[in-house]
Amino acid sequence: MKVYEKDQKVKITLKVNGKTLETEVEPRRLLVHVLRDLGFTGVHIGCDTSNCGACTVLMNGKSVKSCTLLAVEANNSEIVTVEGLAKDGKLHPVQEAFWDHHALQCGYCTPGMIMQSVWLLKENPNPTEEEIREGISGNLCRCTGYQNIVEAIKAASEKLRLGQPQYQHQ
Ligand code: FES
Ligand code: FES
């Protein structure tokens, strides 16, 4: 087991949205803060008890709540944040569907909700309404009442199944 001194900083490497970044962190520093410090301010903090999911990113292909991981635990991992979804300015089908279906209001939950939706559709490309609701149950939204988010995810699932393979391995 690795033992760290108090106040010791540790060098970590993260690959975020395809770009390798190095930084020095205290072992207690949460991944969510480090991502935001690195400029990925679409990753939001909505609670301090791991409930809200506003901090959701993909880490090595899995959706994780970045407020409940230490940055050192993420060392050498591949992370995708909402900033990494669009390709050359073209929105990812999930982003497009959120826009088309009015699935956001204040937008604070949206980056985490979209990353969770991307993961959900990778795990289950043709989810039922119930599966969608269950799949985003770790992501809270105060504004929308969820209905339009569910519709957006349904629409995105159809788009993804109809093609656009370049987006299927986010
Ligand atoms: S900030 Fe609420 S779950 Fe991470
Ligand atoms: S759009 Fe405001 S919290 Fe979801």
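Atoms within a ligand are numbered from 1 in the order they appear, just like the ligands themselves. Values in this document were obtained by computation on a predicted structure and should not be read as measured data. These numbers come from the heavy atoms of this one structure, side chains and all, not from hydrogens, waters or symmetry mates.
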Under 4.5 Å between any side-chain heavy atoms of I149 and C141, yes or no?
->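 Of all side-chain heavy-atom pairs linking C141 with I149, at least one is under 4.5 Å.
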
With side chains defined as the heavy atoms from C-beta onward, is the minimum distance between H33 and I45 less than 4.5 Å?
->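 They are in contact (side-chain heavy atoms under 4.5 Å apart), so the answer is yes.
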
Side chain to side chain contact (heavy atoms under 4.5 Å, CB included) partner of S66, the single match among V43, L58, V34, T56 |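 Exactly one candidate clears the test, V43.
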
Do any of the N/O/S atoms of C106, backbone or side chain, fall under 2.8 Å from atom 4 (Fe) of ligand 2?
->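 Here the distance criterion (N, O or S atom, under 2.8 Å) is not met by C106, so no.
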
Look at the N, O or S atoms of C141, main chain and side chain alike, and state whether any lies under 2.8 Å from atom 4 (Fe) of ligand 2.
->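 Yes, within the cut-off.
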
Does a donor on one side chain and an acceptor on the other come within less than 3.5 Å for [X] and [Y]?
X    : Y    : answer
T128 : E130 : no
S63  : Q116 : yes
N17  : E83  : no

Check the surroundings of atom CD in E24: do more than 12 heavy atoms from other residues, nucleotides or ligands lie under 6.0 Å from it?
->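 It does: E24 CD has more than 12 such atoms within range.
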
Which residue supplies the protein heavy atom nearest to atom 1 (S) of ligand 2, what is that atom called, and how far is it?
->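 I find the closest protein heavy atom is Q105 N, 3.3 Å.
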
What protein N/O/S atoms sit under 2.8 Å from atom 4 (Fe) of ligand 1, by chain and number?
->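 Listed by chain and number: C55 SG, C67 SG.
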
Is the shortest distance from a Lys or Arg side-chain nitrogen in K154 or E129 to a carboxylate oxygen in the other one below 4.0 Å?
->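 No.
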
Which ligand 2 atoms, with their elements, are less than 4.0 angstrom from a heavy-atom of G107?
->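 Reading through ligand 2 atom by atom, the close ones are 1 (S), 2 (Fe).
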
Any idea which atoms of ligand 2 are less than 4.0 Å away from a heavy-atom of R142?
->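 Listed by number with element: 3 (S).
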
